[in-house]
Protein chains: 2
Amino acid sequence: MTNDQLSQTFHALSDPTRRAMLARLSQGEINVSDLAKPFLKDMSLPAVTKHLKVLENAGLVTKSKDAQYRPCKLNGSPLKDANDWMETYRQYWEDSLDRLGEYLKTVKKSTKGKNHGRKK
Amino acid sequence: MTNDQLSQTFHALSDPTRRAMLARLSQGEINVSDLAKPFLKDMSLPAVTKHLKVLENAGLVTKSKDAQYRPCKLNGSPLKDANDWMETYRQYWEDSLDRLGEYLKTVKKSTKGKNHGRKK
DNA sequence: CCGATATTTAACTAAATGGTTAATTAACCA
DNA sequence: TGGTTAATTAACCATTTAGTTAAATATCGG
């Protein structure tokens, strides 16, 4: 995996376990073992710790200390950049009844001629 | 990598080469070797083909046929689900001057007492 | 201090990723 | 037909990932 911020964020989101952890964290702080509980039928605690580490490395989760507990907190700020990146593609998923956009695409295509878009 | 749709989409976005390919594709259809051109100083053509495959598997790119060329087209629709997923976390990255939200977090914390949030 | 709980680290393994070069397939065109 | 271009596939390799079990660390509480 590449280690620029945006790549790390998208990578962290590319796993259902990690997304479920974020979902739980969106309801409030929770320590590691309580956070892990729903996943322990599928994987071990160290496996959960590793997923948590991926989220931490992406900056999506921060841990603090409370006795032997490690309360985890969601930090959404990396999602802002991810969202900004996606925003530039919005027109490509919104129903493209944007006739100007459609028209321009058509024009571009028809100017290509028979040389498959390469120089003569 | 997990193979549910959303995971595949986020995974596809978690690489700068693939994001650059999408950026280029957002300007219009382009065949494989023209799309590959900017990357050939960093990697071979088969490497590009593989990245393209990841984008195809995620449904973000479709290929058609024009003689020996394979024009590639951006398909943004998988980004809709990704965006919808992120949307539910918007409040966690938008500047939280949402005083109600802040207040509720505070309350939750203070009701925990000394038992670290566990049952008696 | 001691035993229990919470969490992390270590050491290992199987499978996936991301790249390579060489070979193959497919279509054009002179 | 035969050479050229476009693209994919095959075979291979190094590194990373995602999991495991077992051991280590840290803090609480009696």
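Residue numbers start from 1 in every chain, and the chains themselves are labelled A, B, ... in the order their sequence lines are given, proteins ahead of strands. Keep in mind that what you see is a predicted model, and the values were worked out from it rather than measured.
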>> Nearest to the R70(B) side chain among dG19(C), dA7(D), dT17(C), which nucleotide is it?
In response: dA7(D)
> Are L52(B) and M1(B) joined in one hydrophobic group, where the rule is that I, L, V, M, F, W and Y side chains link up if heavy atoms are under 4.5 Å apart?
Replying inline: no
> Among dG19(D), dA7(D), dT9(C), which nucleotide sits nearest the side chain of P46(A)?
Replying inline: dT9(C)
> Which nucleotide, dA7(D), dT20(C), dT5(D), lies nearest any side-chain atom of N31(B)?
Replying inline: dA7(D)
> Can you check the Q8(A) CD to dT16(D) C1' distance for me, whole Å?
Replying inline: 14 Å
> Atom CE of M43(B) and atom C1' of dT20(C): how far apart are they, to the nearest Å?
Replying inline: 12 Å
>> So if I take every side-chain heavy atom of Y69(A) and compare against dA11(D), dA18(D), dA6(C), which nucleotide ends up nearest?
In response: dA6(C)
>> Between R18(B) and dG18(C), is there a contact of a side-chain N or O with OP1 or OP2 at under 4.0 Å?
In response: yes
> OP1 or OP2 of dA7(D) less than 4.0 angstrom from a side-chain nitrogen or oxygen of T49(B), does that happen here?
Replying inline: no
> Just how far, in rounded Å, is P of dA16(C) from CG of D15(B)?
Replying inline: 19 Å
> What nucleotide, of dT21(D), dA7(D), dT20(C), holds the atom closest to the side chain of S44(A)?
Replying inline: dT21(D)
> With no hydrogens and no angle check, do the side chains of N75(A) and S77(A) hold a donor and an acceptor under 3.5 Å apart?
Replying inline: yes
> Looking at H51(A), does any N or O in its side chain come under 4.0 Å of the phosphate oxygens OP1/OP2 on dT17(D)?
Replying inline: no
> Are any of K63(B)'s side-chain N or O atoms less than 4.0 Å away from OP1 or OP2 of dT8(D)?
Replying inline: yes
> Are the side chain of Y92(B) and the backbone of S26(A) linked by a donor-acceptor contact shorter than 3.5 Å?
Replying inline: yes
>> By nearest heavy atom, map T2(A) and L52(A) onto DNA chain C; which one lands nearer the 5' end?
In response: L52(A)
> Going by atom types only, do R19(A) and S14(A) share a side-chain donor-acceptor pair under 3.5 Å?
Replying inline: no
> dA27(C) C1' sits how many Å from Q68(B) CD, rounded?
Replying inline: 5 Å
> Across all strands shown, which nucleotide pairs with dA30(C) by Watson-Crick or G-U wobble geometry, both distances under 3.5 Å?
Replying inline: dT1(D)
> Can you tell me if Y69(A) uses its side chain to pair, donor with acceptor, with the backbone of I30(A) under 3.5 Å?
Replying inline: no
> Between F39(A) (CZ) and dA18(D) (P), how many Å, whole number?
Replying inline: 15 Å
> Choosing from dT8(D), dG19(D), dT8(C), which nucleotide comes nearest the side chain of L45(A)?
Replying inline: dT8(C)
> Can you check the L35(B) CG to dT8(D) P distance for me, whole Å?
Replying inline: 11 Å
> How do D42(B) and K65(B) order along DNA chain C: which one's closest nucleotide is nearer the 5' end?
Replying inline: D42(B)
> Rounded to whole angstroms, how far apart are CG on D34(B) and P on dA7(D)?
Replying inline: 7 Å
> How close or far is atom C1' of dT21(D) from atom NZ of K50(A), stated in whole angstroms?
Replying inline: 11 Å
> Of the options R18(A), R70(A), K63(A), which is the one that meets E56(A) in a salt bridge (charged side-chain N to carboxylate O under 4.0 Å, His left out)?
Replying inline: K63(A)
